[in-house]
> 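Quick one: this structure, given as C-alpha coordinates, is what I'll be asking you about.
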Amino acid sequence: MALVLYNTLTRRKEAFEPLKPDHVGMYVCGPTVYDSAHIGNARPVIVFDVLYRLLTRLYPAVTYVRNITDVDDKINQRAKDLGEPIDIITARTTKMFHDDIAELNVLPPTIEPRATAHINQMIAMIETLIAKGFAYEAEGHVLFSVPSMSDYGSLSRRSMDEMIAGARVEVAPYKKNSADFVLWKPSTPDLPGWDSPWGRGRPGWHIECSAMSGQYLGTTFDIHGGGQDLVFPHHENEIAQSVCANGAPFARYWLHNGYLMVEGEKMSKSLGNFFTVRELLAQAPGEAIRLCMLSSHYHQPFDWTAEGLKQARATLDRLYTALRSANVDAEPGAAPIEVMAALEDDLNTPLAIAHLHELATALNKAESNADKAKAKAALLASGQVLGVLQQDADAWFKWQPDGAAAGLSDSEIEALIQARTDARKAKDFAESDRIRKHLIDLGIILEDFPQGTTWKRV
RNA sequence: GGCCGGGUGGCAGAGUGGUGAUGCAGCGGACUGCAAAUCCGCGUACGUCGGUUCAAUUCCGGCCUCGGCCUCCA
(Lines give C-alpha, C1' and ligand atoms only; values in the text may rest on other atoms or scores of the structure.)
Protein backbone atom coordinates (compact mmCIF):
# COMPACT_ATOMS: atom_id res chain seq x y z
CA MET A 1 0.00 0.00 0.00
CA ALA A 2 1.22 3.44 -0.76
CA LEU A 3 -0.01 6.89 0.05
CA VAL A 4 -2.50 8.35 -2.39
CA LEU A 5 -3.66 11.96 -2.10
CA TYR A 6 -6.28 14.03 -3.90
CA ASN A 7 -4.36 16.87 -5.51
CA THR A 8 -6.34 20.04 -6.16
CA LEU A 9 -3.87 20.91 -8.91
CA THR A 10 -4.92 17.94 -11.02
CA ARG A 11 -8.32 17.32 -9.43
CA ARG A 12 -7.59 13.66 -8.99
CA LYS A 13 -6.05 11.20 -6.63
CA GLU A 14 -2.35 10.70 -7.22
CA ALA A 15 0.30 8.40 -5.81
CA PHE A 16 2.35 10.50 -3.42
CA GLU A 17 6.03 10.55 -4.22
CA PRO A 18 8.08 12.97 -2.16
CA LEU A 19 10.81 15.03 -3.73
CA LYS A 20 13.30 13.45 -1.35
CA PRO A 21 12.37 9.86 -0.59
CA ASP A 22 13.38 10.12 3.07
CA HIS A 23 12.18 13.60 3.95
CA VAL A 24 8.73 15.06 3.36
CA GLY A 25 8.00 18.78 3.54
CA MET A 26 4.49 20.05 4.31
CA TYR A 27 3.16 23.58 4.73
CA VAL A 28 -0.28 24.38 6.10
CA CYS A 29 -1.80 27.83 6.41
CA GLY A 30 -2.24 28.57 10.09
CA PRO A 31 -4.44 31.04 11.92
CA THR A 32 -4.58 34.81 11.78
CA VAL A 33 -4.38 35.57 15.46
CA TYR A 34 -7.04 38.18 16.05
CA ASP A 35 -9.81 36.10 17.61
CA SER A 36 -10.51 32.76 19.29
CA ALA A 37 -10.30 29.73 17.06
CA HIS A 38 -13.66 28.45 15.86
CA ILE A 39 -14.55 25.00 14.58
CA GLY A 40 -13.91 26.15 11.03
CA ASN A 41 -10.33 26.89 12.02
CA ALA A 42 -10.12 23.61 13.88
CA ARG A 43 -10.92 21.41 10.90
CA PRO A 44 -7.72 21.92 8.88
CA VAL A 45 -5.66 21.85 12.05
CA ILE A 46 -7.07 18.42 12.93
CA VAL A 47 -7.09 17.03 9.40
CA PHE A 48 -3.50 17.96 8.68
CA ASP A 49 -2.47 16.74 12.09
CA VAL A 50 -3.69 13.30 11.04
CA LEU A 51 -1.78 13.62 7.78
CA TYR A 52 1.32 14.63 9.74
CA ARG A 53 0.96 11.62 12.02
CA LEU A 54 0.52 9.38 9.00
CA LEU A 55 3.52 10.82 7.17
CA THR A 56 5.77 10.34 10.18
CA ARG A 57 4.90 6.65 10.07
CA LEU A 58 5.59 6.35 6.36
CA TYR A 59 8.76 8.41 6.03
CA PRO A 60 11.92 8.75 8.10
CA ALA A 61 11.61 12.53 8.41
CA VAL A 62 8.80 15.05 8.03
CA THR A 63 9.09 18.80 8.32
CA TYR A 64 5.68 20.26 9.02
CA VAL A 65 5.42 24.04 8.88
CA ARG A 66 2.29 25.79 10.08
CA ASN A 67 2.50 29.54 10.26
CA ILE A 68 1.03 32.15 12.57
CA THR A 69 -0.23 35.23 10.78
CA ASP A 70 0.39 38.07 13.20
CA VAL A 71 0.23 41.00 10.84
CA ASP A 72 -3.11 41.62 9.17
CA ASP A 73 -5.73 44.31 8.86
CA LYS A 74 -8.19 42.28 10.91
CA ILE A 75 -5.70 42.37 13.75
CA ASN A 76 -5.27 46.11 13.32
CA GLN A 77 -9.01 46.57 13.45
CA ARG A 78 -9.28 44.42 16.55
CA ALA A 79 -6.57 46.47 18.28
CA LYS A 80 -8.47 49.63 17.46
CA ASP A 81 -11.76 48.18 18.71
CA LEU A 82 -10.27 46.93 21.96
CA GLY A 83 -7.85 49.79 22.47
CA GLU A 84 -5.09 47.29 23.06
CA PRO A 85 -1.59 47.02 21.58
CA ILE A 86 -1.31 44.63 18.67
CA ASP A 87 1.42 42.49 20.18
CA ILE A 88 -0.68 41.90 23.29
CA ILE A 89 -3.59 40.72 21.16
CA THR A 90 -1.51 38.47 18.93
CA ALA A 91 0.37 36.95 21.87
CA ARG A 92 -2.82 36.27 23.78
CA THR A 93 -4.64 34.85 20.76
CA THR A 94 -1.69 32.66 19.84
CA LYS A 95 -1.59 31.28 23.36
CA MET A 96 -5.33 30.55 23.25
CA PHE A 97 -4.92 28.85 19.91
CA HIS A 98 -2.17 26.62 21.26
CA ASP A 99 -4.16 25.77 24.37
CA ASP A 100 -7.30 25.01 22.38
CA ILE A 101 -5.73 22.74 19.82
CA ALA A 102 -3.69 20.92 22.45
CA GLU A 103 -7.06 19.92 23.93
CA LEU A 104 -7.86 18.50 20.50
CA ASN A 105 -4.75 16.29 20.68
CA VAL A 106 -3.06 18.24 17.90
CA LEU A 107 0.69 17.81 17.83
CA PRO A 108 2.89 20.88 17.48
CA PRO A 109 4.24 21.33 13.97
CA THR A 110 7.96 21.06 13.38
CA ILE A 111 8.22 24.78 12.81
CA GLU A 112 5.66 27.48 13.54
CA PRO A 113 6.97 30.66 11.95
CA ARG A 114 5.42 34.04 12.64
CA ALA A 115 4.92 36.45 9.77
CA THR A 116 6.38 39.44 11.61
CA ALA A 117 9.64 37.58 12.10
CA HIS A 118 10.04 37.16 8.34
CA ILE A 119 9.47 40.65 6.96
CA ASN A 120 12.98 40.80 5.52
CA GLN A 121 12.41 37.62 3.53
CA MET A 122 9.16 39.04 2.21
CA ILE A 123 10.84 42.28 1.17
CA ALA A 124 13.59 40.34 -0.57
CA MET A 125 11.03 38.30 -2.45
CA ILE A 126 9.12 41.39 -3.52
CA GLU A 127 12.33 42.97 -4.77
CA THR A 128 13.01 39.89 -6.84
CA LEU A 129 9.53 40.01 -8.30
CA ILE A 130 9.98 43.67 -9.27
CA ALA A 131 13.42 42.96 -10.75
CA LYS A 132 12.02 40.13 -12.84
CA GLY A 133 9.16 42.25 -14.09
CA PHE A 134 6.36 40.45 -12.27
CA ALA A 135 5.55 43.30 -9.91
CA TYR A 136 5.40 47.08 -9.96
CA GLU A 137 5.31 49.93 -7.52
CA ALA A 138 2.40 52.35 -7.52
CA GLU A 139 1.58 55.03 -4.96
CA GLY A 140 3.60 53.36 -2.21
CA HIS A 141 2.07 49.96 -2.99
CA VAL A 142 3.75 47.09 -4.68
CA LEU A 143 1.43 44.99 -6.80
CA PHE A 144 1.81 41.65 -8.44
CA SER A 145 1.07 41.95 -12.12
CA VAL A 146 -1.25 39.06 -12.84
CA PRO A 147 -1.08 39.35 -16.65
CA SER A 148 2.70 38.92 -16.41
CA MET A 149 2.21 35.28 -15.44
CA SER A 150 0.97 33.25 -18.35
CA ASP A 151 -0.64 30.38 -16.48
CA TYR A 152 -2.06 32.32 -13.54
CA GLY A 153 -5.22 30.67 -12.27
CA SER A 154 -4.20 27.07 -12.83
CA LEU A 155 -4.96 25.92 -9.30
CA SER A 156 -8.43 27.40 -9.08
CA ARG A 157 -9.01 26.98 -12.81
CA ARG A 158 -10.01 30.52 -13.47
CA SER A 159 -9.30 32.55 -16.54
CA MET A 160 -8.36 36.22 -16.46
CA ASP A 161 -11.62 37.08 -18.18
CA GLU A 162 -13.63 35.40 -15.47
CA MET A 163 -11.80 37.22 -12.77
CA ILE A 164 -12.38 40.55 -14.37
CA ALA A 165 -16.02 39.72 -14.99
CA GLY A 166 -16.41 38.47 -11.46
CA ALA A 167 -14.81 41.43 -9.73
CA ARG A 168 -17.22 42.54 -7.04
CA VAL A 169 -15.24 45.30 -5.49
CA GLU A 170 -14.20 48.64 -6.75
CA VAL A 171 -10.80 48.41 -8.34
CA ALA A 172 -8.14 50.51 -6.70
CA PRO A 173 -7.01 53.27 -9.09
CA TYR A 174 -3.34 52.38 -8.78
CA LYS A 175 -3.84 48.86 -10.15
CA LYS A 176 -2.82 48.38 -13.75
CA ASN A 177 -5.13 45.42 -13.95
CA SER A 178 -8.11 44.69 -11.76
CA ALA A 179 -6.79 41.23 -10.95
CA ASP A 180 -3.45 42.50 -9.64
CA PHE A 181 -2.98 41.93 -5.95
CA VAL A 182 -1.03 43.67 -3.23
CA LEU A 183 2.41 42.51 -2.14
CA TRP A 184 3.21 45.52 0.01
CA LYS A 185 1.15 48.43 1.18
CA PRO A 186 1.97 51.67 2.92
CA SER A 187 1.25 52.09 6.62
CA THR A 188 0.13 55.23 8.33
CA PRO A 189 2.00 56.04 11.57
CA ASP A 190 -0.69 54.42 13.70
CA LEU A 191 -0.40 51.11 11.89
CA PRO A 192 2.34 48.50 12.15
CA GLY A 193 4.99 49.05 9.53
CA TRP A 194 8.50 48.20 8.50
CA ASP A 195 11.01 50.18 6.49
CA SER A 196 11.26 49.01 2.92
CA PRO A 197 12.53 50.25 -0.44
CA TRP A 198 8.97 51.55 -0.97
CA GLY A 199 8.71 53.39 2.30
CA ARG A 200 7.31 52.31 5.63
CA GLY A 201 4.67 49.71 5.07
CA ARG A 202 3.38 46.22 5.71
CA PRO A 203 3.04 43.06 3.67
CA GLY A 204 -0.01 41.96 1.73
CA TRP A 205 -1.86 38.85 2.78
CA HIS A 206 -0.28 36.24 0.53
CA ILE A 207 3.43 37.01 0.54
CA GLU A 208 4.15 35.66 4.03
CA CYS A 209 3.32 32.08 3.09
CA SER A 210 5.51 32.26 0.01
CA ALA A 211 8.41 33.68 2.00
CA MET A 212 8.15 31.31 4.94
CA SER A 213 7.49 28.12 3.02
CA GLY A 214 10.49 28.95 0.84
CA GLN A 215 12.72 29.54 3.81
CA TYR A 216 11.87 26.36 5.71
CA LEU A 217 10.97 23.91 2.95
CA GLY A 218 12.78 25.19 -0.10
CA THR A 219 11.39 26.68 -3.28
CA THR A 220 9.80 23.40 -4.34
CA PHE A 221 8.28 21.19 -1.68
CA ASP A 222 5.82 18.34 -1.31
CA ILE A 223 2.53 19.23 0.30
CA HIS A 224 0.64 22.45 0.81
CA GLY A 225 -2.61 22.33 2.72
CA GLY A 226 -5.41 24.54 3.90
CA GLY A 227 -9.12 25.12 3.76
CA GLN A 228 -10.93 25.03 0.45
CA ASP A 229 -11.79 28.70 0.80
CA LEU A 230 -8.10 29.49 0.43
CA VAL A 231 -7.80 28.01 -3.04
CA PHE A 232 -8.66 31.37 -4.49
CA PRO A 233 -7.19 33.86 -4.10
CA HIS A 234 -4.72 32.96 -1.38
CA HIS A 235 -3.14 29.81 -2.72
CA GLU A 236 -3.38 30.93 -6.31
CA ASN A 237 -1.43 34.03 -5.38
CA GLU A 238 1.10 32.12 -3.34
CA ILE A 239 1.83 30.06 -6.41
CA ALA A 240 2.16 33.16 -8.57
CA GLN A 241 4.57 34.84 -6.17
CA SER A 242 6.73 31.81 -5.52
CA VAL A 243 6.90 30.46 -9.03
CA CYS A 244 7.69 33.85 -10.52
CA ALA A 245 10.21 34.83 -7.87
CA ASN A 246 11.99 31.49 -7.67
CA GLY A 247 11.70 30.36 -11.25
CA ALA A 248 10.88 26.92 -9.87
CA PRO A 249 7.74 24.89 -9.21
CA PHE A 250 6.08 25.53 -5.87
CA ALA A 251 4.10 22.94 -3.88
CA ARG A 252 3.61 19.64 -5.70
CA TYR A 253 0.50 18.35 -3.94
CA TRP A 254 -2.24 20.73 -2.87
CA LEU A 255 -4.70 19.44 -0.29
CA HIS A 256 -7.82 21.28 0.72
CA ASN A 257 -10.33 20.39 3.38
CA GLY A 258 -13.99 21.06 2.69
CA TYR A 259 -16.15 23.74 4.23
CA LEU A 260 -17.77 23.61 7.58
CA MET A 261 -21.50 23.91 8.03
CA VAL A 262 -23.44 24.07 11.27
CA GLU A 263 -26.72 22.19 11.58
CA GLY A 264 -27.11 22.21 7.81
CA GLU A 265 -26.40 25.89 7.31
CA LYS A 266 -23.29 27.75 6.35
CA MET A 267 -21.44 28.80 9.44
CA SER A 268 -21.49 32.53 9.80
CA LYS A 269 -21.48 35.18 12.43
CA SER A 270 -24.65 36.79 11.13
CA LEU A 271 -26.58 33.53 11.53
CA GLY A 272 -25.17 33.23 15.01
CA ASN A 273 -24.32 29.57 14.39
CA PHE A 274 -20.76 30.14 15.36
CA PHE A 275 -18.90 27.99 17.87
CA THR A 276 -15.45 28.62 19.17
CA VAL A 277 -13.34 25.64 20.11
CA ARG A 278 -13.38 26.92 23.64
CA GLU A 279 -17.17 26.93 23.80
CA LEU A 280 -17.28 23.37 22.57
CA LEU A 281 -14.65 22.26 25.05
CA ALA A 282 -17.07 23.26 27.77
CA GLN A 283 -19.61 20.82 26.32
CA ALA A 284 -17.53 17.83 25.37
CA PRO A 285 -14.01 16.47 25.70
CA GLY A 286 -11.59 17.70 23.04
CA GLU A 287 -11.08 14.14 21.95
CA ALA A 288 -14.78 13.87 21.03
CA ILE A 289 -14.58 17.10 19.05
CA ARG A 290 -11.58 15.72 17.21
CA LEU A 291 -13.17 12.36 16.42
CA CYS A 292 -16.34 14.11 15.31
CA MET A 293 -14.33 16.15 12.81
CA LEU A 294 -12.70 13.00 11.49
CA SER A 295 -15.98 11.13 11.09
CA SER A 296 -16.45 12.36 7.57
CA HIS A 297 -13.91 12.59 4.77
CA TYR A 298 -11.78 15.76 4.92
CA HIS A 299 -12.59 16.69 1.34
CA GLN A 300 -16.36 16.69 1.91
CA PRO A 301 -18.27 19.57 3.41
CA PHE A 302 -18.64 18.86 7.11
CA ASP A 303 -21.92 19.49 8.85
CA TRP A 304 -21.26 20.20 12.50
CA THR A 305 -24.24 19.11 14.61
CA ALA A 306 -24.96 18.52 18.27
CA GLU A 307 -26.10 15.02 17.29
CA GLY A 308 -22.82 14.34 15.54
CA LEU A 309 -20.85 15.38 18.59
CA LYS A 310 -23.02 13.14 20.73
CA GLN A 311 -22.32 10.23 18.40
CA ALA A 312 -18.59 10.87 18.52
CA ARG A 313 -18.77 10.68 22.29
CA ALA A 314 -20.74 7.46 22.06
CA THR A 315 -18.10 6.03 19.75
CA LEU A 316 -15.34 6.89 22.19
CA ASP A 317 -17.42 5.47 25.04
CA ARG A 318 -17.59 2.20 23.16
CA LEU A 319 -13.88 2.15 22.32
CA TYR A 320 -12.76 3.12 25.82
CA THR A 321 -15.17 0.55 27.27
CA ALA A 322 -13.40 -2.12 25.25
CA LEU A 323 -9.99 -0.86 26.37
CA ARG A 324 -11.04 -0.66 30.02
CA SER A 325 -12.59 -4.10 30.02
CA ALA A 326 -9.43 -5.74 28.75
CA ASN A 327 -7.39 -6.09 31.90
CA VAL A 328 -4.06 -6.59 30.22
CA ASP A 329 -1.09 -4.42 29.51
CA ALA A 330 -0.52 -3.63 25.88
CA GLU A 331 2.10 -1.56 24.13
CA PRO A 332 0.87 -0.05 20.89
CA GLY A 333 3.13 -0.98 18.03
CA ALA A 334 2.48 -0.41 14.37
CA ALA A 335 -1.12 0.30 13.45
CA PRO A 336 -2.93 -2.59 11.72
CA ILE A 337 -2.70 -2.78 7.97
CA GLU A 338 -6.38 -2.04 7.36
CA VAL A 339 -6.25 1.18 9.34
CA MET A 340 -3.09 2.30 7.58
CA ALA A 341 -4.58 1.35 4.21
CA ALA A 342 -7.66 3.48 4.90
CA LEU A 343 -5.58 6.48 5.84
CA GLU A 344 -3.16 6.00 2.99
CA ASP A 345 -6.12 6.16 0.63
CA ASP A 346 -6.43 9.95 0.70
CA LEU A 347 -6.91 10.04 4.45
CA ASN A 348 -10.11 8.02 4.63
CA THR A 349 -10.69 8.67 8.32
CA PRO A 350 -14.33 7.44 8.37
CA LEU A 351 -13.19 4.07 7.08
CA ALA A 352 -10.34 4.06 9.61
CA ILE A 353 -12.87 4.73 12.38
CA ALA A 354 -15.00 1.85 11.09
CA HIS A 355 -11.93 -0.35 11.52
CA LEU A 356 -11.53 0.97 15.05
CA HIS A 357 -14.99 -0.39 15.76
CA GLU A 358 -14.05 -3.76 14.32
CA LEU A 359 -10.90 -3.82 16.43
CA ALA A 360 -12.98 -3.00 19.51
CA THR A 361 -15.36 -5.86 18.73
CA ALA A 362 -12.39 -8.19 18.35
CA LEU A 363 -11.03 -6.95 21.68
CA ASN A 364 -14.40 -7.50 23.37
CA LYS A 365 -14.53 -11.04 22.04
CA ALA A 366 -10.93 -11.94 22.87
CA GLU A 367 -10.73 -14.56 25.58
CA SER A 368 -7.09 -15.31 26.28
CA ASN A 369 -4.84 -12.66 27.73
CA ALA A 370 -2.57 -13.01 24.75
CA ASP A 371 -5.43 -12.31 22.35
CA LYS A 372 -6.60 -9.42 24.49
CA ALA A 373 -3.15 -7.86 24.59
CA LYS A 374 -2.82 -8.19 20.87
CA ALA A 375 -6.20 -6.67 20.14
CA LYS A 376 -5.70 -3.90 22.66
CA ALA A 377 -2.32 -3.01 21.17
CA ALA A 378 -3.88 -2.86 17.71
CA LEU A 379 -6.65 -0.57 18.89
CA LEU A 380 -4.27 1.72 20.77
CA ALA A 381 -1.89 1.93 17.84
CA SER A 382 -4.74 2.78 15.50
CA GLY A 383 -5.94 5.44 17.88
CA GLN A 384 -2.45 6.88 17.95
CA VAL A 385 -2.42 7.55 14.21
CA LEU A 386 -5.78 9.28 14.47
CA GLY A 387 -4.83 11.09 17.65
CA VAL A 388 -7.45 9.47 19.87
CA LEU A 389 -7.62 6.82 22.64
CA GLN A 390 -4.39 7.99 24.24
CA GLN A 391 -5.74 8.78 27.68
CA ASP A 392 -6.61 6.54 30.56
CA ALA A 393 -10.07 5.05 30.06
CA ASP A 394 -11.17 5.94 33.58
CA ALA A 395 -10.19 9.55 32.96
CA TRP A 396 -12.30 9.53 29.80
CA PHE A 397 -15.37 8.29 31.64
CA LYS A 398 -14.93 10.74 34.50
CA TRP A 399 -14.81 13.78 32.23
CA GLN A 400 -16.90 16.76 33.14
CA PRO A 401 -16.67 20.33 31.97
CA ASP A 402 -14.40 22.71 33.81
CA GLY A 403 -16.32 24.56 36.48
CA ALA A 404 -19.32 22.27 36.02
CA ALA A 405 -21.94 22.88 38.66
CA ALA A 406 -20.11 20.40 40.80
CA GLY A 407 -22.16 17.27 41.23
CA LEU A 408 -20.77 14.39 43.20
CA SER A 409 -17.02 14.14 43.54
CA ASP A 410 -15.29 10.98 42.40
CA SER A 411 -14.82 9.84 45.98
CA GLU A 412 -18.49 10.46 46.86
CA ILE A 413 -19.49 8.38 43.85
CA GLU A 414 -17.15 5.61 44.85
CA ALA A 415 -18.50 5.64 48.40
CA LEU A 416 -22.04 5.21 47.07
CA ILE A 417 -20.90 2.40 44.81
CA GLN A 418 -19.36 0.67 47.83
CA ALA A 419 -22.63 1.05 49.72
CA ARG A 420 -24.48 -0.43 46.79
CA THR A 421 -22.04 -3.31 46.52
CA ASP A 422 -22.58 -4.07 50.22
CA ALA A 423 -26.36 -3.99 49.70
CA ARG A 424 -26.06 -6.36 46.77
CA LYS A 425 -23.98 -8.76 48.79
CA ALA A 426 -26.70 -8.68 51.41
CA LYS A 427 -29.27 -9.28 48.64
CA ASP A 428 -30.88 -5.99 49.54
CA PHE A 429 -31.74 -5.21 45.93
CA ALA A 430 -34.26 -2.52 46.85
CA GLU A 431 -31.45 -0.53 48.46
CA SER A 432 -28.92 -1.25 45.71
CA ASP A 433 -31.41 -0.20 43.04
CA ARG A 434 -32.24 2.92 44.99
CA ILE A 435 -28.56 3.93 45.01
CA ARG A 436 -28.19 3.17 41.34
CA LYS A 437 -31.29 5.20 40.51
CA HIS A 438 -29.99 8.06 42.62
CA LEU A 439 -26.72 8.06 40.66
CA ILE A 440 -28.47 7.86 37.31
CA ASP A 441 -30.46 10.93 38.25
CA LEU A 442 -27.13 12.67 38.82
CA GLY A 443 -25.82 11.54 35.43
CA ILE A 444 -23.74 8.63 36.67
CA ILE A 445 -24.18 5.26 35.02
CA LEU A 446 -22.99 2.09 36.70
CA GLU A 447 -21.80 -1.06 35.04
CA ASP A 448 -21.29 -4.27 36.99
CA PHE A 449 -18.53 -6.62 36.02
CA PRO A 450 -17.17 -9.73 37.68
CA GLN A 451 -14.13 -7.66 38.69
CA GLY A 452 -16.27 -4.92 40.18
CA THR A 453 -18.46 -1.98 39.32
CA THR A 454 -17.36 0.80 36.99
CA TRP A 455 -19.03 4.15 36.48
CA LYS A 456 -19.17 6.90 33.92
CA ARG A 457 -20.56 10.39 33.63
CA VAL A 458 -22.93 11.12 30.78
C1' G B 1 -23.73 34.18 -15.43
C1' G B 2 -18.83 31.28 -14.80
C1' C B 3 -16.48 27.37 -12.01
C1' C B 4 -16.63 23.37 -8.28
C1' G B 5 -18.67 19.58 -5.04
C1' G B 6 -22.81 16.60 -3.43
C1' G B 7 -27.75 13.60 -3.46
C1' U B 8 -26.52 6.02 -0.11
C1' G B 9 -31.19 2.34 4.63
C1' G B 10 -34.78 6.13 10.63
C1' C B 11 -29.90 9.10 11.41
C1' A B 12 -24.56 9.75 10.60
C1' G B 13 -21.27 8.09 6.94
C1' A B 14 -17.58 4.87 3.73
C1' G B 15 -17.36 2.14 -0.63
C1' U B 16 -17.97 -0.80 -4.99
C1' G B 17 -19.29 -3.04 -12.52
C1' G B 18 -21.85 -8.83 -9.92
C1' U B 19 -22.35 -11.79 -1.80
C1' G B 20 -20.89 -8.03 4.20
C1' A B 21 -19.29 -1.22 5.16
C1' U B 22 -19.20 0.67 10.08
C1' G B 23 -21.65 3.12 14.12
C1' C B 24 -26.11 5.07 16.43
C1' A B 25 -31.37 4.22 16.83
C1' G B 26 -35.05 -0.03 16.48
C1' C B 27 -36.51 -5.44 16.96
C1' G B 28 -35.34 -10.56 18.87
C1' G B 29 -31.92 -13.69 21.75
C1' A B 30 -27.69 -14.76 25.31
C1' C B 31 -25.64 -12.84 29.79
C1' U B 32 -27.44 -10.18 34.49
C1' G B 33 -30.90 -10.47 41.07
C1' C B 34 -32.81 -6.45 37.69
C1' A B 35 -30.05 -3.20 34.73
C1' A B 36 -25.89 -1.25 32.09
C1' A B 37 -21.97 -2.92 29.18
C1' U B 38 -20.80 -6.96 25.99
C1' C B 39 -21.80 -10.90 22.44
C1' C B 40 -25.17 -13.27 18.58
C1' G B 41 -29.12 -12.57 14.97
C1' C B 42 -32.52 -9.22 12.13
C1' G B 43 -33.10 -4.07 7.21
C1' U B 44 -36.26 -5.17 -0.85
C1' A B 45 -30.17 1.85 0.84
C1' C B 46 -28.00 3.91 -3.13
C1' G B 47 -32.38 11.56 -6.35
C1' U B 48 -34.72 10.90 -11.39
C1' C B 49 -35.14 9.44 -16.63
C1' G B 50 -32.50 7.18 -20.37
C1' G B 51 -27.82 4.78 -22.49
C1' U B 52 -23.59 1.18 -22.43
C1' U B 53 -23.16 -3.92 -20.33
C1' C B 54 -24.54 -10.77 -19.48
C1' A B 55 -24.80 -7.48 -15.01
C1' A B 56 -25.06 -0.25 -12.80
C1' U B 57 -25.92 2.35 -6.63
C1' U B 58 -20.99 2.16 -9.15
C1' C B 59 -19.46 4.06 -16.15
C1' C B 60 -21.91 7.80 -19.85
C1' G B 61 -25.79 11.57 -21.00
C1' G B 62 -30.23 14.51 -19.83
C1' C B 63 -33.23 16.24 -15.82
C1' C B 64 -34.48 17.51 -10.72
C1' U B 65 -32.37 19.09 -6.27
C1' C B 66 -28.87 20.82 -2.30
C1' G B 67 -24.48 23.42 -1.13
C1' G B 68 -20.07 26.29 -2.07
C1' C B 69 -16.62 29.75 -4.55
C1' C B 70 -16.01 34.12 -8.01
C1' U B 71 -10.22 38.86 -4.40
C1' C B 72 -12.96 39.34 4.30
C1' C B 73 -12.96 33.98 5.46
C1' A B 74 -9.94 27.56 7.72
Side-chain angles (χ1 to χ4, degrees), chain A residues 8 11 28-32 35 37-48 69 72-74 77 146 153 156-159 161-169 171-172 175 178-182 204-206 225-234 236-237 256-261 264-269 292 295-297 299-303 305 307-315 317-319 321-322 324-325 342 345 348-358 360-361 363-365 424 427-430 432-433 436-437 440 445-450 453-456 458:
Chain A
T8 308
R11 309 284 158 112
V28 174
C29 293
T32 300
D35 206 354
H38 55 68
I39 43 176
N41 303 115
R43 169 119 104 144
V45 173
I46 293 169
V47 163
F48 290 106
T69 299
D72 182 273
D73 286 349
K74 287 193 291 291
Q77 185 60 46
V146 167
S156 57
R157 309 213 166 172
R158 273 156 222 258
S159 69
D161 294 346
E162 281 167 25
M163 283 180 280
I164 293 163
R168 295 189 302 189
V169 293
V171 177
K175 286 190 181 181
S178 64
D180 293 349
F181 59 90
V182 172
W205 173 29
H206 317 294
Q228 208 156 68
D229 53 324
L230 294 181
V231 173
F232 187 87
H234 185 54
E236 197 69 76
N237 292 349
H256 293 97
N257 61 274
Y259 292 91
L260 204 110
M261 323 254 294
E265 290 187 304
K266 187 194 174 180
M267 184 185 81
S268 76
K269 283 183 176 168
C292 187
S295 67
S296 86
H297 188 86
H299 205 248
Q300 298 293 104
F302 186 85
D303 191 12
T305 63
E307 180 59 29
L309 182 57
K310 199 174 136 194
Q311 283 220 13
R313 276 190 87 164
T315 297
D317 277 344
R318 178 171 137 77
L319 300 178
T321 296
R324 175 159 76 172
S325 305
D345 182 12
N348 192 338
T349 53
L351 185 57
I353 292 169
H355 291 311
L356 249 44
H357 279 290
E358 287 161 2
T361 301
L363 176 55
N364 286 330
K365 287 163 75 168
R424 290 179 74 213
K427 304 268 187 214
D428 184 356
F429 296 121
S432 75
D433 289 352
R436 184 170 65 193
K437 175 71 168 54
I440 286 172
I445 291 187
L446 301 188
E447 291 166 4
D448 295 329
F449 291 97
T453 299
T454 62
W455 61 275
K456 63 187 181 192
V458 289

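Reminder, nothing fancy here: chain letters follow the sequence lines and each chain counts from 1. As the structure is a computational prediction, the values presented were derived from the model and not from experiment.
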> What is the pairing partner of B:rG67, taking Watson-Crick or G-U wobble pairs with both distances under 3.5 Å in any strand?
B:rC4
> Quantified in whole Å, what is the C1' atom distance between nucleotide B:rG67 and nucleotide B:rC27?
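Nearest-Å result for B:rG67 against B:rC27 at atom C1': 36 Å.
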> In whole angstroms, how far is the P atom of B:rA12 from the CG atom of A:D303?
8 Å
> Expressed in whole Å, how much space separates the C1' atoms belonging to B:rG23 and B:rA45?
16 Å
> Under a 3.5 Å cut-off for both distances, is B:rU19 Watson-Crick or wobble paired, and to whom?
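Across any shown strand, B:rU19 pairs with none.
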> Check every strand shown and say whether A:H234 touches a base, only sugar-phosphate, or nothing at a heavy-atom separation below 4.0 Å.
nothing
> A:L351 has a side chain; which of B:rU22, B:rC11, B:rA14 sits nearest to it?
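Closest of the options to the side chain of A:L351: B:rA14.
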> Determine the contact category for A:L260: base if any of its heavy atoms lies under 4.0 Å from a base atom, sugar-phosphate if only primed atoms, P, OP1 or OP2 are that close, otherwise nothing.
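Base contact.
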> Tell me whether the OP1 or OP2 atom of B:rU71 has a side-chain N or O from A:N237 closer than 4.0 Å.
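Looking at the OP1 and OP2 atoms of B:rU71, neither is under 4.0 Å from any side-chain N or O of A:N237.
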> Let me know, please, whether A:P350 or A:G258 comes out on the 5' side of the other along RNA chain B by nearest nucleotide.
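The residue whose closest nucleotide sits nearer the 5' end is A:P350.
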> If you look at every strand shown and take non-hydrogen atoms under 4.0 Å, does A:N348 touch a base, only sugar-phosphate, or nothing?
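Touches sugar-phosphate only.
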> On a whole-Å scale, what distance lies between the P atoms belonging to B:rG1 and B:rA12?
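After rounding to an integer number of Å, I get 30 Å for this pair.
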> Check the orientation of A:W205 and A:H234. Use parallel for under 30°, tilted for 30 to 60°, and perpendicular for over 60°.
parallel
> Let me have a per-nucleotide readout for nucleotides 33-42 of chain B, 5' to 3', with B, S or -, counting only protein heavy atoms under 4.0 Å.
BBBBSSSS--
> C1' atom, B:rG9 versus B:rA25: distance in rounded Å?
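12 Å, rounded to whole Å.
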> Paired with B:rC46 by Watson-Crick or G-U wobble geometry, both distances under 3.5 Å: which nucleotide is it?
none
> Which nucleotide sits closest to the side chain of A:P233: B:rG68, B:rU71, B:rG23?
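Between B:rG68, B:rU71, B:rG23, the one nearest the side chain of A:P233 would be B:rU71.
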> Reckon A:K74 touches a base, only the sugar-phosphate, or nothing at all at heavy-atom distances under 4.0 Å?
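Sugar-phosphate contact only.
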> Would you kindly compare A:R11 and A:T315 by the position of their nearest RNA chain B nucleotide and give the one closer to the 5′ end?
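Residue closer to the 5' terminus by nearest nucleotide: A:R11.
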> If pairing requires Watson-Crick or G-U wobble contacts with both distances under 3.5 Å, which nucleotide is the partner of B:rA30?
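In the structure as shown, B:rA30 has B:rU38 as its Watson-Crick or wobble partner.
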